[in-house]
Amino acid sequence: MGDKLSKFFEDYLNKEPLFVNKKILQSGYTPENIPHRDEQIKQLAKVLAPALRKEKPSNVFIYGKTGSGKTCVSKYVVNEIYKTCKKNKLDVNVYYLNCKMKKVADTEYRMIAELARGFGANVPATGLPTEEVYKIFIDTIESKNQLLILILDEIDQLVKKIGDNILYNLTRLNSELKNCEMAFIGISNDLTFTENMDPRVKSSLSEEELVFPPYNAIQLQDILKERANLAFRKNVIEEGAIEKCAAYAAREHGDARRALELLRVSGELAERDNQLKVSIKYIDDAENKIERDRILDIIKTQPKQQQLTTYSILEFHNKGKKIFTGEIYGYYLDLCRRVGLKPLTQRRISDIIAELDMLGIINSKVISKGRYGRTREIQVTIPSSNLTKIEEALKEGLGL
DNA sequence: AGGTATTCACATGAAACTATTCTCTGAGTTAGG
DNA sequence: TAACTCAGAGAATAGTTTCATGTGAATACCTGT
C-alpha cells in the first residue's frame, strides 16, 4: 500500500507538468498585452491623460458585458498612469474597488470604509455612523495634496441594491475637498444602468462613456492562444481545443473570463488524468465540472432554510411534474417538521425561490393559471448528470 | 355566442421588527503616589 | 488622580414577519339574439 502511494508521488514529481504558470489563466491576472482592445485602451488613456499633469481627468463610465475586458483594460491603463506619475514624482493615487464583493463593499458604509482603509485609515466594520466614516475618509485623503483615481467596478450592482444616493454623495464630496481631487471610473455590466439614475449624478459621473463590445470567437481565440502560450508548456494543447473553448465562450456573449476558465480547468483535468496533452474532450468535461462546482458551492454555503427549499424543489422535480410555489411550500413545511426547524413564511419562501432563480439553480417564471390563481412555474436547470451529487450534498447538509 | 365580472393563489412592495456585531461614552472602580 | 472596567446607548446589517396591494386569465354569470 505504502509502496503504491510513494510510487504515485514519485511519478507525480517526475512527470512534466502541463502548466508552466497557471496563474496566467486565473481571473485576477492582468496581462501585459490585451488583444483587440487597442481602441478602448487608447480612448481611456486619452481621457485619463490629464492626470499626468495632475489635473483632474473627466469621470468615465465603462459599459460592457462580463468578460469583455473592462476591468482588465482599466486596471492596465490606470496602472500605467500610476507608474508614470511615480516616475515623475507626482502625487497621484489609484484605487480599485469591486462593489459587488460581499461583506466588503456592498453597502454605503462598507464602500466608504473600504476606500478609507485603502488609503491607510483604520475604520471599524460597524458601530460608527456613516457620516463619521465619510469624515474619516475625507480626513485621510486630505492629509496629502493628491489626485485620486478610483475605479468602482460593478457599481450597477451596488446602486441596484442601495440606490444612487451614494454616487451623489461621492461626486459632491469632490467640491468639499480642498487639498485633493477625485476622478471616478465606473464600470458596469448593465448597459441601461444610467437610464433610471438621478440626472445630476448621471451628468457628473459619466462625463465620458466607453462601450466595450463583446469579443467574437476569432478574437477569443487570439486571447486564448496568447495566454495559453504563457501558461502551458509548448505543444500540450491539442489541435482544435482552443478553437472549441473560444466557440463555447462566444456562444455566451463572448465572455473571455469564461473562456480562460474553461481552458484552465481543462488543463487541470487533463493533468489529473496523467495526460500529455489537453485533448478536446476535456473541454466538455471542464464545462460540466465548472457548472457542477458552481452549484455545489452555492448549495453547500447556503443557509439551512435555503437548502430545505432547494431540496423540496429537487424532490418535486424527480417526480417529473410541473412545480408550483404552493406545492413546494407544503413540502417544505413537512421537511421543517422532520428536521426540527422553525418554518419561514410563504412570503419568505417566495423570495428564496426568486433568489434561487437569480443564482441560476432553477428557472422560474410567473404564470397565471386563470381561475386557479397565479404562481411561479419552476424548472430545474441542473443537468441530470450532476443531480445526484447535488442531492447527496444537500441530504448530508441537512442531516436527512 | 359574446361580453363582463369574479376569483383564485400567489406575486410583489413597503415597513417594521429581531438579533447580532461593534463603537463610543461616561459612571464607577482600582491601584499607585 | 490617572488608568481601567463595564454597562448602556446607538449604528449598521441581515434576515424575517406583517400588512397591503396587485394581477393574468380560466371560469361563472349575464345578456340579447
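Just so it is clear, the model here is predicted, and its values are computed rather than measured.
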Asks: Quick one: closest heavy-atom pair of A/Ala246 and A/Leu224, and the distance?
Replies: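 Closest heavy-atom pair between A/Ala246 and A/Leu224: N-CD1, 3.7 Å.
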Asks: When you compare the side chains of A/Asn145 and A/Lys54, does any donor N or O come within less than 3.5 Å of an acceptor on the partner?
Replies: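 Indeed, the side chains of A/Asn145 and A/Lys54 share at least one donor-acceptor pair under 3.5 Å.
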Asks: Are A/Phe119 and A/Leu148 close enough that some pair of their side-chain heavy atoms sits under 4.5 Å apart?
Replies: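 Result yes, sub-4.5 Å side-chain heavy-atom pair found.
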Asks: Of all nucleotides in DNA chain B with an atom under 4.0 Å from a non-hydrogen atom of chain A, which is the first and which the last going 5' to 3'?
Replies: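 Both ends considered, the range comes out as B/dT7 to B/dC24.
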Asks: Residues of residues 134-143 of chain A with any non-hydrogen atom less than 4.0 angstrom from an atom of DNA chain C: list those, numerically ordered, please.
Replies: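 Residues of residues 134-143 of chain A that come under 4.0 Å of DNA chain C do not exist, since none gets that close.
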Asks: Using a cut-off of strictly less than 4.0 Å between a heavy atom of the residue and any atom of DNA chain B, enumerate the qualifying residues of residues 306-324 of chain A by number.
Replies: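 By residue number: none to list.
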Asks: Could you tell me which non-hydrogen atom of A/Pro35 sits nearest to which non-hydrogen atom of A/Glu226, and how far apart they are?
Replies: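 Taking every non-hydrogen atom into account, CG-OE1, 3.6 Å.
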Asks: Treating A/Ser206 as the side-chain partner and A/Glu208 as the backbone partner, does any N or O pair qualify as donor plus acceptor under 3.5 Å?
Replies: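 Answer holds: no.
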Asks: What nitrogen or oxygen pairs link the protein and nucleotides 10-14 of chain C at under 3.5 Å?
Replies:
unit_1, atom_1, unit_2, atom_2, d
C/dA12, OP1, A/Thr130, N, 2.9
C/dA12, OP1, A/Thr130, OG1, 2.6
C/dT13, OP1, A/Thr107, OG1, 2.3
C/dT13, O3', A/Arg110, NH2, 3.4
C/dA14, OP1, A/Arg110, NH2, 2.8

Asks: Is a side-chain donor or acceptor of A/Tyr332 paired with a backbone partner of A/Leu344 at a separation under 3.5 angstrom?
Replies: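 At least one qualifying donor-acceptor pair exists.
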Asks: At a heavy-atom distance below 4.0 Å, what parts of residues 329-338 of chain A sit against DNA chain C?
Replies: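 By residue number: none to list.
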Asks: What are the atom names and distances for every N/O pair under 3.5 Å that joins the protein to nucleotides 17-20 of chain C?
Replies:
unit_1, atom_1, unit_2, atom_2, d
C/dT17, OP2, A/Thr345, N, 3.1
C/dT17, OP2, A/Thr345, OG1, 2.3
C/dT17, O5', A/Thr345, OG1, 3.4

Asks: Counting only non-hydrogen atoms, which of residues 353-377 of chain A are less than 4.0 Å from DNA chain B?
Replies: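 Per residue number, the list reads A/Val366, A/Gly370, A/Arg371, A/Tyr372, A/Gly373, A/Arg374, A/Thr375, A/Arg376.
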Asks: If you apply the rule side chain to side chain donor-acceptor pair (under 3.5 Å), what do you find for A/Thr71 with A/Asp153, and how did you get there?
Replies: CA-CA 7 Å; A/Thr71 308; A/Asp153 205 345; 2.8 Å; yes
Asks: According to salt bridge (Lys or Arg N to Asp or Glu O under 4.0 Å), does anything in residues 57-82 of chain A pair up with another residue at least two apart or in another chain? List the pairs.
Replies: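 Passing the test, one end in residues 57-82 of chain A: A/Glu80-A/Lys83.
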Asks: Considering only NZ, NE, NH1 and NH2 on the basic side and carboxylate oxygens on the acidic side, decide whether A/Arg117 and A/Glu114 come within less than 4.0 Å.
Replies: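 Salt bridge present between A/Arg117 and A/Glu114.
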Asks: Kindly indicate whether a cation-pi arrangement holds for A/Arg37 with A/Tyr215, taking the cut-offs as under 6.0 Å to the six-membered ring centre and within 45° of the axis.
Replies: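 Judged by the rule, A/Arg37 and A/Tyr215 form a cation-pi pair.
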Asks: Hey, could you give me each pair passing ring-ring contact (aromatic ring centres under 6.0 Å, His included) that has a residue in residues 21-80 of chain A? Not counting sequence neighbours.
Replies: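 Of all non-adjacent pairs touching residues 21-80 of chain A, those that pass ring-ring contact (aromatic ring centres under 6.0 Å, His included) are A/Phe61-A/Tyr63, A/Phe61-A/Phe193.
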Asks: Checking A/Lys56 side chain against A/Leu147 main chain: does a donor-acceptor pair fall under 3.5 Å?
Replies: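 No: the side chain of A/Lys56 does not pair with the backbone of A/Leu147.
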Asks: For residues A/Asn169 and A/Glu108, is any side-chain donor paired with an opposing acceptor at under 3.5 Å?
Replies: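 Note: A/Asn169 and A/Glu108 side chains meet the donor-acceptor criterion.
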Asks: Can you run down the salt bridge (Lys or Arg N to Asp or Glu O under 4.0 Å) pairs that involve residues 329-345 of chain A, sequence neighbours left out, and say none if there aren't any?
Replies: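 Counting only pairs at least two positions apart or across chains, the salt bridge (Lys or Arg N to Asp or Glu O under 4.0 Å) contacts touching residues 329-345 of chain A are A/Asp334-A/Arg337.
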Asks: Centre of A/Phe316's six-membered ring, under 6.0 Å away, within 45 degrees of the axis: is that where NZ or CZ of A/Lys319 sits?
Replies: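 The answer is yes, since A/Lys319 meets both limits relative to A/Phe316.
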Asks: Counting C-beta onward and ignoring hydrogens, is there a side-chain heavy-atom pair between A/Pro31 and A/Cys72 closer than 4.5 Å?
Replies: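 Side chain of A/Pro31 against side chain of A/Cys72, heavy atoms only: contact under 4.5 Å found.
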Asks: Look at A/Asp106 together with A/Arg110 and state whether they make a salt bridge at an N to O cut-off of under 4.0 Å.
Replies: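 Yes, A/Asp106 and A/Arg110 are salt-bridged.
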Asks: Can you find a heavy atom in the side chain of A/Ile390 that is under 4.5 Å from one in the side chain of A/Ile382?
Replies: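 Yes, their side chains come closer than 4.5 Å.
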Asks: Less than 4.5 Å apart, side chain to side chain, heavy atoms only: is that true for A/Tyr248 and A/Asp284?
Replies: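 A side-chain contact exists here, since the closest heavy-atom pair is under 4.5 Å.
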Asks: Shorter than 3.5 Å, N or O on both sides, protein versus nucleotides 5-9 of chain C: list them out with atom names.
Replies:
none

Asks: Each residue besides A/Phe324 in its hydrophobic cluster should be listed here, by chain and number; the cluster joins Ile, Leu, Val, Met, Phe, Trp and Tyr at side-chain heavy-atom distances under 4.5 Å.
Replies: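 Members besides A/Phe324, by chain and number: A/Ile367.
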Asks: Quick check on side-chain contact (heavy atoms from CB on, under 4.5 Å): which of A/Ile361, A/Asn363, A/Ile378 does A/Leu356 satisfy it with?
Replies: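 The side-chain contact (heavy atoms from CB on, under 4.5 Å) with A/Leu356 is passed solely by A/Ile361 among A/Ile361, A/Asn363, A/Ile378.
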Asks: Check whether any side-chain heavy atom of A/Arg227 sits under 4.5 Å from a side-chain heavy atom of A/Leu260, and report yes or no.
Replies: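 They are in contact (side-chain heavy atoms under 4.5 Å apart), so the answer is yes.
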